Amino acid sequence: MNYKYIFGPVPSRRLGISLGIDLIPHKTCSFDCLYCECGKTTNKTMDRQEFVPTEQVLKELNHYLTHHPLPDFATFSGAGEPTLHTGIGEITDFIKDNYQGLKTAMLTNSTTINIPEVRQALLKTDIVLPSLDSAVQETFEQINRPVEGIDVKKVIEGLESFSLMFDGKIWLEIFILEGYNDSADEIAALKRAVQRIKPDRVQLNTMDRPGTEAGLAKASKKTLERVKKALDYESTEIISKYKSRKEIDSYREDAEEAIVKLTERRPATMKDMEEILGLKSMEIGKYLDILLAEKRLVIETGERGVYYRAPKDRGNE
């Protein structure tokens, strides 16, 4: 079966081996984050729709899960905001009713947390992984570039009230960008927000690959340790790197080679790779991380954002 709406399993830094569920067209989101590795948002919206057919998603899930071992998690993710899809509750119910051994997780940017239908769906999941990159409106707008009218105070209030009613786990992600949200005042504001939300974990993250804007600085280990200390929240962790190739059961040498061959012909964006190779952005990421680390790919910027290409042969330069 050719899967359009599920992908992986992929190795997740937070969830082990995760089967991805991608319900949103590429870069349909309520944010246009500076650091997004999937590129600029092309449809910035807060309008919830059935962007892809829920029935077809259920068919794909049923086919995959009856023909393969259960992964650790089924994770609503992808290159957009999953909670904008109106079928998330029905899909979660299907997994819970038919595959009791499979846990569910929802990655969300937190902007829909105050919508009753979204809350009801999130209450059914095992882990909700919301993000909060700043508790200061000006910085929130600089980093996340949200749909007009979103107030970060309301987002924090929504996360706080949701945490009081949710029986599962909340792992709050804070993405640190050097020079944006790592000052003493920024961290103090985040600390107050964390103390209100009381997540089960705070997870500090930073860039692995380039975002949508040039010149962004990845937070150093020293900066992340400083932020962790300043937050002074017991369950705070710095997210580790992706596993190595040898540790990834789902790693496909043919996919790695296809990416290299594609970028030898011409530079390609993440979107190009999705369309040409038929892979999802989060799945492509596991190959890019390793290929970049091995210097088999390099990065350059162009009019459509970040491009990846194979290095030119030194003998031909």
Side-chain angles (χ1 to χ4, degrees), residues 1-24 50 52-108 112-113 117-131 162-163 165-173 199-203 235 237 239-252 255 279-286:
M1 184 176 186
N2 183 29
Y3 301 120
K4 291 180 62 178
Y5 307 118
I6 65 174
F7 61 95
V10 297
S12 166
R13 284 180 289 183
R14 296 183 279 178
L15 298 168
I17 301 302
S18 171
L19 181 68
I21 305 173
D22 189 359
L23 305 176
I24 303 296
E50 188 183 28
V52 302
T54 301
E55 183 178 353
Q56 186 60 35
V57 176
L58 298 181
K59 287 181 180 178
E60 289 191 12
L61 278 169
N62 191 56
H63 184 275
Y64 181 89
L65 295 172
T66 55
H67 289 84
H68 300 85
L70 292 185
D72 298 318
F73 278 88
T75 305
F76 294 86
S77 56
E81 171 53 36
T83 62
L84 292 176
H85 193 284
T86 53
I88 53 174
E90 183 179 349
I91 295 168
T92 302
D93 284 340
F94 172 82
I95 294 171
K96 293 298 181 185
D97 292 343
N98 295 281
Y99 299 96
Q100 289 84 2
L102 179 59
K103 293 182 179 181
T104 57
M106 179 72 71
L107 274 65
T108 175
T112 61
I113 199 74
E117 294 84 357
V118 173
R119 281 195 179 198
Q120 190 59 39
L122 293 181
L123 288 173
K124 303 173 184 179
T125 61
D126 294 289
I127 300 180
V128 175
L129 299 97
S131 64
F162 176 74
S163 70
M165 64 178 70
F166 184 48
D167 292 330
K169 301 293 185 182
I170 296 177
W171 296 355
L172 182 70
E173 180 185 41
D200 296 277
R201 296 184 189 178
V202 173
Q203 298 182 317
S235 300
E237 60 184 352
I239 301 175
S240 62
K241 290 286 187 182
Y242 282 98
K243 297 179 181 179
S244 69
R245 180 190 289 103
K246 293 180 180 178
E247 297 175 291
I248 301 173
D249 292 337
S250 61
Y251 201 93
R252 291 169 45 195
L279 299 172
K280 297 292 186 180
S281 59
M282 292 188 70
E283 189 168 12
I284 292 169
K286 69 186 179 187

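Keep in mind it's a predicted model, so treat the numbers as computed, not measured. Throughout, residue positions are numbered sequentially from 1 according to the sequence presented.
For the atom pair Thr83 OG1 and Ile113 CD1, the distance stands at 8.0 Å (nearest 0.5 Å). Note that CD of Glu90 and CG of Asp97 are 10.5 Å apart. Values are rounded to the nearest 0.5 Å.
A donor-acceptor pair under 3.5 Å links the side-chain atoms of His85 to the main chain of Val52, judged by distance alone. In this structure, the side chain of Asp22 does not engage the main chain of Ile6 through any donor-acceptor pair within 3.5 Å. When atom types are taken as modelled, the side chain of Glu60 and the backbone of Lys4 share a donor-acceptor pair closer than 3.5 angstrom. With hydrogens and angles disregarded, a donor-acceptor distance shorter than 3.5 Å links the side chain of Glu50 to the backbone of Thr54.
Salt-bridge annotation for Arg201 and Glu237: present, with a side-chain N of the basic residue lying under 4.0 Å from a carboxylate O of the acidic one. Taking a cutoff of 4.0 Å between a charged side-chain nitrogen and a carboxylate oxygen, Lys124 and Asp167 do not qualify as a salt bridge.
Of all heavy-atom pairs spanning Ile24 and Pro82, the tightest one is CG1-CA, 3.9 Å. When every heavy atom of Leu84 is checked against every heavy atom of Thr112, the shortest pair comes out as CD2-CG2, 4.1 Å. Contact between Pro53 and Tyr5 at its shortest, heavy atoms only, is CD-OH, 3.7 Å. Across all their heavy atoms, Gly20 and Ser77 have their closest contact at CA-OG, 4.2 Å. Nearest approach of Thr125 to Thr104, heavy atoms of both residues: CA-OG1, 3.3 Å.
Put simply, the side chain of Phe76 reaches to within 4.5 Å of the side chain of Ile91, judged on heavy atoms. The closest side-chain heavy-atom distance from Asp72 to Leu19 is not below 4.5 Å. For the pair Ile170/Leu122, no side-chain contact is recorded, criterion being any heavy-atom separation below 4.5 Å from C-beta on. At least one side-chain heavy atom of Val57 sits less than 4.5 Å from a side-chain heavy atom of Leu23. The side-chain heavy atoms of Phe166 and Val128, taken from C-beta on, include a pair separated by under 4.5 Å.
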Pair Lys103-Thr75, side-chain contact (heavy atoms from CB on, under 4.5 Å): steps then yes or no: CA-CA 9 Å; Lys103 293 182 179 181; Thr75 305; over 6 Å; no

Derivation and outcome, side-chain contact (heavy atoms from CB on, under 4.5 Å), residues Leu123 and Met165: CA-CA 8 Å; Leu123 288 173; Met165 64 178 70; 3.8 Å; yes

Worked check of side-chain contact (heavy atoms from CB on, under 4.5 Å) between Leu65 and Leu102: CA-CA 9 Å; Leu65 295 172; Leu102 179 59; 3.8 Å; yes

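Contacts of Leu129 classified as side-chain contact (heavy atoms from CB on, under 4.5 Å), with partners at least two apart in sequence or in another chain: Arg14, Leu15, Ala105, Leu107, Ile127, Trp171, Gln203.
A side-chain donor from one of Thr108 and Glu81 sits under 3.5 Å from a side-chain acceptor of the other.
Among residue pairs with one or both ends in residues 61-70, those qualifying as side chain to side chain donor-acceptor pair (under 3.5 Å) are Tyr3-His63, Asn62-Tyr99; sequence neighbours excluded.
Atom CD of Gln100 has more than 12 neighbouring heavy atoms from other residues, nucleotides or ligands inside a 6.0 Å radius.
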